[in-house]
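Written below as structure tokens is the structure these notes are about.
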2 protein chains.
Amino acid sequence: MTRNDSDDPRSTAVDQLEAFGLSTYAARTFVALASLGEGTAKDVSALAEVPRTRVYDATAELREYGLVDVQQSTPKRFTAVSAETTGRRFRREYTRRADLLTNALDEIEPASPNAEQRGVWTVTGREMVSDRVVEFVGGASEEVVLVTLETLLTDDVLAAVRAAIDRGVTVRVSGMDFSATEGDIDRLPDGCGFESSRAWSGVPAGRLLMVDRRRTLASVLVDGDGEHPPDARDETAIWGAGENNSLVVVLKAMFAWLNGGRE
Amino acid sequence: MTRNDSDDPRSTAVDQLEAFGLSTYAARTFVALASLGEGTAKDVSALAEVPRTRVYDATAELREYGLVDVQQSTPKRFTAVSAETTGRRFRREYTRRADLLTNALDEIEPASPNAEQRGVWTVTGREMVSDRVVEFVGGASEEVVLVTLETLLTDDVLAAVRAAIDRGVTVRVSGMDFSATEGDIDRLPDGCGFESSRAWSGVPAGRLLMVDRRRTLASVLVDGDGEHPPDARDETAIWGAGENNSLVVVLKAMFAWLNGGRE
DNA sequence: TCTTATTGTGATTATCCGAGTGAACGGCTG
DNA sequence: CAGCCGTTCACTCGGATAATCACAATAAGA
């Protein structure tokens, strides 16, 4: 079983093509044609483990996607487009799909300012938590307070923070780990006067966020509940919204306390 | 049956979510939550036509994608992330997938310069033909000659042409219809000395392309074989590669002829 | 405390789609 | 003319998912 390993380019190509909606025959046929450059149904069948009689369906499907061209002769000959063209093709289609989805959802979302909720919501996964941070910072109109590990200050988050600052929002960002504060805060435009670190030494590492004193989020890293890469699903967060939300009240008090009684 | 029309935002949202790999239950559940903002399994079931007992699976699936947050109470409450976050989520994932695919295919493609093929290949669909044009122009090392309708000079093609010019390739572009030549050729940096039009008045409208005198493409618009929008699948092209390829020979002669016997 | 309605979880069945296989048709070649 | 190869079509099988049901757990009310 040395064939078909996980990091074999052929396998990954087939997987991705299937994710983009192709049938397995079509996907296998395409990578075979990409390897051959050009070939007949017999060639493809031999290399791709696709039944000869089905190569025609597969190439027809690929032709619809514009990934394969056909030579009308006997035997028919097929050729695959270049890797760049393939990538461009799907990139276009799926960014278009994402735009469609965003617009459709925008029309659906309730116009009402979504009466502030009570209770505490949970999120799992580093990327997912980052998404919430970006979303909440993006919705800030007055004030953002963010305390975070340097590792978690991804480009997404930084972009959202910069956008908020440009929008005229008062933003204060602080690192939780000591080494961090120097490295990355530079990447932010001024207006981040928090006293860097030290105060957070006893707090479990993660993030704390407060937006307009009406929406807060707290997360911790749970490093490794058995997941393979210690990078994927290792952050869990809770968040809440609304003036009287319990989590909001607690974190609001906490920030005020650590900020030296101001407010 | 006035519900669930084709351009209903809800339907399009569900369709796109399914295209992104979600189950139909998950997709319907998500749009229901997007409408409600927040709700219980019962609420979702009533609005989304999803069996109540399956809402829990659907929300679990959505939670994996980071699209839904859960409130651990009885009854459980669910909430959907914003439209922008949803779009960002899928945009990221699928551009990443496209990159993976491109890289994998790059490793697969035969290192050999792909001994020039004989025979004539066919492509169908306007976008697909544009992709071939971009691919061929992108592979040009010396000379590009392109005659095209103005309508078909999309941004993709223009970008490829500009890249070729910057690369030091001799490029000549000409419009087939009279009105065109003025409007768009301006968008190209010089080096396009073709005598604009007139010579092509009798030729069926479409495109003609020659790259390095070794690769040619010819297309025509077949306007309307029953397709709904007169815009999608209405162009068919043939192309060939190799010094002795019949199509290459013919088009090479044709270009030389129309260019006044030069070469 | 007991009852009852409602919520959450799991197992079961039905339905659909696609992979895989084989047979039939037609054109090319010896 | 006959056999062979290429091509297409029709069919079966299996896996996945939609849909239904049965049951356990919880909360509200008498």
Side-chain angles (χ1 to χ4, degrees), chain A residues 4 10-11 13-33 36 38-65 67-79 118-122 124, chain B residues 4 10-11 14-33 36 38-65 67-79 119 121-122:
Chain A
N4 201 15
R10 288 202 164 78
S11 301
V14 169
D15 290 344
Q16 299 313 317
L17 287 167
E18 287 182 351
F20 281 117
L22 294 186
S23 72
T24 64
Y25 281 167
R28 289 215 282 258
T29 296
F30 184 77
V31 301
L33 281 175
L36 293 170
E38 170 191 342
T40 69
K42 182 190 267 183
D43 303 333
V44 172
S45 170
L47 182 60
E49 306 198 3
V50 172
R52 261 179 293 275
T53 69
R54 277 310 184 85
V55 174
Y56 304 101
D57 304 302
T59 49
E61 184 179 341
L62 290 167
R63 227 179 82 94
E64 304 253 308
Y65 283 89
L67 300 180
V68 160
D69 294 341
V70 185
Q71 202 174 92
Q72 287 296 354
S73 57
T74 57
K76 283 186 175 177
R77 300 191 70 79
F78 307 100
T79 187
R118 70 185 58 217
V120 175
W121 304 88
T122 62
T124 311
Chain B
N4 201 16
R10 288 202 165 79
S11 303
V14 169
D15 290 344
Q16 299 312 317
L17 287 167
E18 288 182 350
F20 280 118
L22 294 185
S23 71
T24 64
Y25 279 168
R28 289 215 282 258
T29 296
F30 184 76
V31 301
L33 280 176
L36 293 169
E38 171 189 341
T40 69
K42 182 191 267 182
D43 303 334
V44 171
S45 171
L47 182 59
E49 306 198 3
V50 172
R52 185 188 60 82
T53 64
R54 297 287 94 202
V55 172
Y56 303 100
D57 303 281
T59 49
E61 183 180 341
L62 290 167
R63 225 178 83 94
E64 304 254 308
Y65 283 91
L67 300 180
V68 159
D69 294 342
V70 184
Q71 203 173 91
Q72 286 296 354
S73 58
T74 57
K76 284 187 176 177
R77 302 191 69 79
F78 308 100
T79 187
W121 304 87
T122 62

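Heavy-atom basis, side chains included; hydrogens, waters and symmetry copies ignored. Quick note on labels: first sequence line is chain A, next is B, and so on, each numbered from 1.
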How many Å lie between [atom1] on [X] and [atom2] on [N], as a whole number?
X	N	atom1	atom2	value
B:R52	D:dT20	CZ	P	13 Å
B:E61	D:dA16	CD	P	14 Å
A:R54	D:dG6	CZ	P	19 Å
B:Y56	D:dA19	OH	P	18 Å

Near DNA chain C, which residues from residues 21-33 of chain A have a heavy atom under 4.0 Å away?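 Heavy-atom cutoff 4.0 Å gives A:S23, A:T24, A:Y25, A:R28.
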Which heavy atom of [X] sits nearest to which heavy atom of [Y], and what is that distance?
X	Y	result
A:V31	A:A13	CG1-CB, 3.7 Å
A:F30	A:L67	CE1-O, 3.3 Å
B:L62	B:A26	CD1-O, 3.5 Å

Could a donor-acceptor pair under 3.5 angstrom be found where the side chain of A:T74 meets the base of D:dC5?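 Counting by modelled atom types and ignoring angles, no donor-acceptor contact under 3.5 Å is found here.
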Can you tell me how far apart CG (B:L36) and CZ (B:F78) are? Round to the nearest 0.5 Å.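 Interatomic distance, B:L36 CG to B:F78 CZ, rounded to 0.5 Å: 12.0 Å.
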Distance (rounded to the nearest 0.5 Å) between B:R63 CZ and A:T122 OG1: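 One finds 5.0 Å between CZ of B:R63 and OG1 of A:T122.
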From the 5' end of DNA chain C to its 3' end, which nucleotides mark the outer limits of contact with chain B, defined by a 4.0 Å heavy-atom distance cut-off (strictly under)?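 So the contact region on DNA chain C extends C:dT7 to C:dA11.
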Given A:V68 and A:T29, is the side chain to side chain contact (heavy atoms under 4.5 Å, CB included) satisfied, shown in steps? CA-CA 10 Å; A:V68 160; A:T29 296; 5.9 Å; no
Would you classify B:S73 as touching base, sugar-phosphate or nothing, given that sugar-phosphate means primed atoms plus P, OP1 and OP2, and contacts are heavy atoms under 4.0 Å?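 Sugar-phosphate: the residue B:S73, judged by heavy atoms under 4.0 Å, touches backbone atoms but no base.
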Contact list for residues 16-26 of chain B, test side chain to side chain donor-acceptor pair (under 3.5 Å), sequence neighbours left out: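 Only A:R97-B:Q16, B:S23-B:E61 qualify under side chain to side chain donor-acceptor pair (under 3.5 Å).
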With nearest nucleotide decided by heavy atoms, which residue, B:K42 or B:D57, maps closer to the 5′ end of DNA chain C?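 Nearest nucleotide further toward 5': that of B:K42.
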May I ask you to decide if A:A41's main-chain N or O and A:S45's side chain share a donor-acceptor pair within less than 3.5 Å?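 No: the side chain of A:S45 does not pair with the backbone of A:A41.
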Between A:K76 and D:dT8, is there a contact of a side-chain N or O with OP1 or OP2 at under 4.0 Å?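 For A:K76, the contact criterion (side-chain N or O under 4.0 Å from OP1 or OP2 of D:dT8) is met.
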Strictly below 4.0 Å, N to O, side chains only: are A:R28 and A:E49 in salt-bridge contact?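 Result for this pair is no, no salt bridge flagged.
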